[in-house]
Novice: 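Provided herewith is a single structure, encoded as structure tokens, for subsequent inquiry.
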Amino acid sequence: MGQRLGYLLDQAKEVDFTSATGGTRGKGSSMKLSQLYLPTLKERPAEAEVVSHQLMLRSGMIRKLAAGIYTYLPLGTRVLAKLNQIIRAEMNAAGAQEIIMPFVQPRELWEESGRWQHYGRELLRIKDRHDHEFCLGPTHEEVITDLIRGEVRSYRQLPINLYQIQSKFRDEIRPRFGLMRGREFIMKDAYSFDVDEESSAVSYRAMYRAYGRIFARCGLRFRAVEADTGSIGGNFSHEFMVLAETGEDTVVNCSHCRYAANLEKAEMAPVYNEADTGDENLSAGLKEVLTPGQKTVEEVALFLQIQPRDLVKTIIFSTDKGPVAALVRGDHEISPAKLRTYLGANTLDLADEQLVVEATGAPTGFAGAVGLPIPIYADHSVKGMSGVVMGANKKDYHFKNVNIDRDVKIAGFTDIRMAEEGAPCPKPGCSGRLVFSRGIEVGHVFRLGTKYSAAMKAGYLDAEGKERPAVMGCYGIGVGRTMAASVEQNHDADGIIWPMPLTPFQVLILPVSVKPGEVWTAANELYLRLVEAGFDVLLDDRDDRPGVKFKDADLVGIPVRITIGPKALQEQSVEMRDRRTKETKLIKLNQVVDEIKARIRNEMDEIGAALTAIDQAAVDL
RNA sequence: CGGGACGUGGCGCAGCCUGGUAGCGCACCUGCCUUGGGCGCAGGGGGCCGCUGGUUCAAAUCCAGUCGUCCCGACCA
């Protein structure tokens with residue numbers, strides 16, 4: 001585990017955003033490709049499915065050791081170092097302090113929080129030689145809370161915010177997609193402790209803002225969205241999503257206002273059942289109809305010759321507060337996360353067959369809300385529906401002509417359906433529509449409240465001398481995943497395209513020949529000059545054919561490539577190529593430094609503008 | 001954990017159905033040649049065919065078990 005300290009080693013320099021040049025301070029770092037451990041792959045490794053995984057393997061950034069466990073090679077490590085540098089700068093600026101907590105954690109701590117039982121098989125448990133039980137830390141709430149409770153006694157010592165950049169281990173059911181979902185992965189995690197909710201909200205806003213700055217400084221296109229808190233607990237959270245076509249998550253945002261949420265959480269302005277079913281007579285009474293073996297909405301709709309929207313689905317869930325039923329229109333999807341939040345339940349799972357039979361008296365597929373003895377919650381869109389079809393709680397039967405208001409006892413109407421693209425924005429007065437896009441979750445901020453501090457007795461004495469639990473927040477960034485997300489967002493058919501702030505090197509010098517001669521001499525002179533000027537420079541001094549070097553250059557994705565060939569050199573010129581735009585231009589040797597500076601400044605100015613926008617935006621959380 | 005697939009030189013794969021000599025491309029080594037987009041020619045090295053057991057005169061190939069890996073689902077930074 002000693003190598004973990006390696007994260008502290010930081011060769012990457014701080015990029016100076018304030019300088020007019022947008023360049024870097026001091027001398028740049030340098031490397032000759034012949035000395036660099038850079039095993040590139042021509043072919044796609046069979047194990048890699050997603051593009052970031054393929055490209056990071058092919059470009060020699062990472063190698064797999066076991067399922068979901070990776071080594072970072074020199075180039076990957078350089079990217080990590082730059083990313084970590086940005087994270088540290090922003091975390092420190094936001095008032096957090098860096099620490100390093102143990103990776104191996106004792107069972108007792110996890111029993112105190114109750115998670116030794118609840119965390120499940122994701123928690124990798126091990127025994128030492130004395131048969132004492134430990135786990136590999138999947139997260140560090142327990143350790144940090146233990147640390148704090150030992151030292152913090154007074155409100156005068158709060159607030160405090162501590163963070164670390166460390167490996168975590170989660171024995172994922174199915175690791176996949178390379179760094180996107182590993183079992184061992186690097187995470188930046190921060191924990192804040194405050195005297196009360198109000199102060200905790202201040203800490204939260206500081207982190208929210210810091211996160212925005214971090215991802216903006218990485219040069220990534222991202223969005224902060226409202227999110228569900230899931231099993232970590234708490235009641236308020238945001239996810240930071242890097243936008244990429246290949247993202248696993250759906251990001252919902254408003255076409256007009258700044259509303260944004262993840263799919264399971266996204267709300268819609270209530271739409272009441274505007275579509276009357278037409279033929280059905282409102283006064284018609286309930287009618288039982290035979291629907292042998294017709295279980296799904298599609299089957300029943302087809303069988304009865306109606307539209308799915310004329311049906312109401314009844315879904316049974318088991319929660320820590322007992323079984324409940326949820327009602328949505330046949331053509332709608334339910335969001336379990338919304339229901340769980342609405343109920344204030346800790347757990348909510350789809351009922352198994354046995355519970356469905358117990359609750360409804362019928363096998364799955366025939367559940368209905370009429371006369372159902374458990375609490376029933378319905379989506380807004382169900383309100384006022386009449387003449388609809390619903391399960392009859394009896395095998396092979398459904399009801400027709402159900403009138404919700406008349407026939408069903410609803411415990412509450414609320415928004416529990418999955419948002420749909422084009423639905424009206426939930427913000428009052430906003431006329432926008434919901435738009436969907438794809439994203440990769442790279443950061444998540446939570447307000448935890450006192451869940452852990454209360455359970456583990458991390459309290460302090462307030463001004464009145466009264467013992468109170470500290471109010472916590474926790475804030476994570478998937479560091480390796482952010483790196484992968486950058487590749488997902490920035491690549492083309494030839495390889496990676498690094499954003500300037502994360503790139504392992506800013507400039508690649510590619511002499512067409514390394515035989516003694518003018519080309520080679522010019523390449524070396526330029527190399528020294530660019531390093532002196534402060535750039536991070538890689539020199540491809542390998543004695544290979546130019547084609548090989550060009551292919552590797554594109555694969556690895558250094559943003560600026562300077563090609564030195566005999567013809568242009570006659571004119572005291574070299575070729576400068578922009579990896580992103582593929583623009584190529586001849587520039588004079590004595591212009592190279594200025595041209596590269598301009599190129600870097602160009603990209604940094606965009607980032608600067610994004611930062612300004614973040615700083616000026618109101619954080620109305 | 002349920003469903004699917006795959007383990008054959010460093011990488012990508014064929015061979016397996018129909019048992020008998022382990023093969024191709026890339027990479028690697030030597031020499032020549034070439035030098036602006038993964039050149040060309042010649043020579044060469046490297047594989048317990050994931051592992052264990054069974055069937056057989058004989059197993060990469062058939063059978064059983066086991067381990068590993070990947071994909072789809074339920075979970076997550």
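Protein chains get the first letters and strands the later ones, always in sequence-line order, with residue 1 at the start of each.
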Novice: Once hydrogens and angles are ignored, does a donor-acceptor distance under 3.5 Å link the base of B/rC76 to the side chain of A/R170?
Specialist: no
Novice: Consider side-chain contact (heavy atoms from CB on, under 4.5 Å). Of A/V442, A/N490, A/I440, A/I214, which one does A/L220 pass it with?
Specialist: A/N490
Novice: With distance as the sole criterion, is a donor-acceptor pair present between the side chains of A/Y452 and A/R115 under 3.5 Å?
Specialist: yes
Novice: In whole angstroms, how far is the C1' atom of B/rC76 from the CG atom of A/L179?
Specialist: 15 Å
Novice: Indicate the ring-plane relationship of A/Y204 and A/Y475, choosing parallel, tilted or perpendicular according to the 30° and 60° boundaries.
Specialist: tilted
Novice: Is the A/F222 ring parallel, tilted or perpendicular to the A/F215 ring (thresholds 30°, 60°)?
Specialist: tilted
Novice: Set out, line by line, the N/O atom pairs under 3.5 Å between protein and nucleotides 35-40 of chain B.
Specialist:
unit_1, atom_1, unit_2, atom_2, d
B/rG36, O6, A/G565, N, 3.1
B/rG36, N1, A/E575, OE1, 3.4
B/rG36, N2, A/E575, OE1, 2.4
B/rG36, N2, A/E575, OE2, 2.8
B/rG37, O6, A/R561, NH1, 3.2
B/rG37, O6, A/R561, NH2, 3.1
B/rG37, N1, A/D554, OD2, 3.1
B/rG37, N2, A/D554, OD2, 2.2
B/rG38, O2', A/K42, NZ, 3.2
B/rG38, N1, A/D552, OD1, 3.3
B/rG38, N2, A/D552, OD1, 3.4
B/rC39, O4', A/R545, NE, 3.3
B/rC39, N1, A/R545, NH1, 3.2

Novice: What integer distance in Å separates A/R183:CZ from B/rA77:P?
Specialist: 18 Å
Novice: When the C1' atoms of B/rG37 and B/rG31 are compared, how many Å lie between them, rounded to an integer?
Specialist: 26 Å
Novice: How is A/G182 classified with respect to the nucleic acid when contacts are heavy atoms under 4.0 Å: base, sugar-phosphate, or nothing?
Specialist: base
Novice: Excluding sequence neighbours, so at least two apart, what forms side chain to side chain contact (heavy atoms under 4.5 Å, CB included) with A/R438?
Specialist: A/T250
Novice: Between B/rC75 and A/R181, counting only base atoms on the nucleotide and side-chain atoms on the residue, is there a donor-acceptor pair under 3.5 Å?
Specialist: yes
Novice: Mind telling me whether A/F446 and A/H444 have parallel, tilted or perpendicular rings, with 30° and 60° as the class edges?
Specialist: parallel
Novice: Provide the Watson-Crick or G-U wobble partner of B/rG40, both distances under 3.5 Å; none if there is no partner.
Specialist: B/rC32
Novice: Syn or anti for B/rU21, taking syn as within 90° of 0?
Specialist: syn
Novice: Return the nucleotide paired to B/rC1: Watson-Crick means purine N1 to pyrimidine N3 with N6-O4 or O6-N4, wobble means G-U with N1-O2 and O6-N3, both under 3.5 Å.
Specialist: B/rG73
Novice: For A/R121, answer base if it contacts any base atom (sugar-phosphate contacts may also be present), sugar-phosphate if it contacts only those atoms, and nothing otherwise; contact means non-hydrogen atoms under 4.0 Å.
Specialist: nothing
Novice: Which nucleotide in the list B/rA74, B/rC76, B/rC70 gets nearest to the side chain of A/D249?
Specialist: B/rC76
Novice: Suppose we define a pair by two distances each less than 3.5 Å, Watson-Crick or G-U wobble; what does B/rC6 pair with here?
Specialist: B/rG68
Novice: Now, which nucleotide makes the Watson-Crick or G-U wobble pair with B/rA59, with each of the two distances under 3.5 Å?
Specialist: none
Novice: Send over the distance from A/Y163 OH to B/rA77 C1', rounded to a whole Å.
Specialist: 17 Å
Novice: For a 4.5 angstrom cut-off between non-hydrogen side-chain atoms, does A/R221 reach A/V242?
Specialist: no
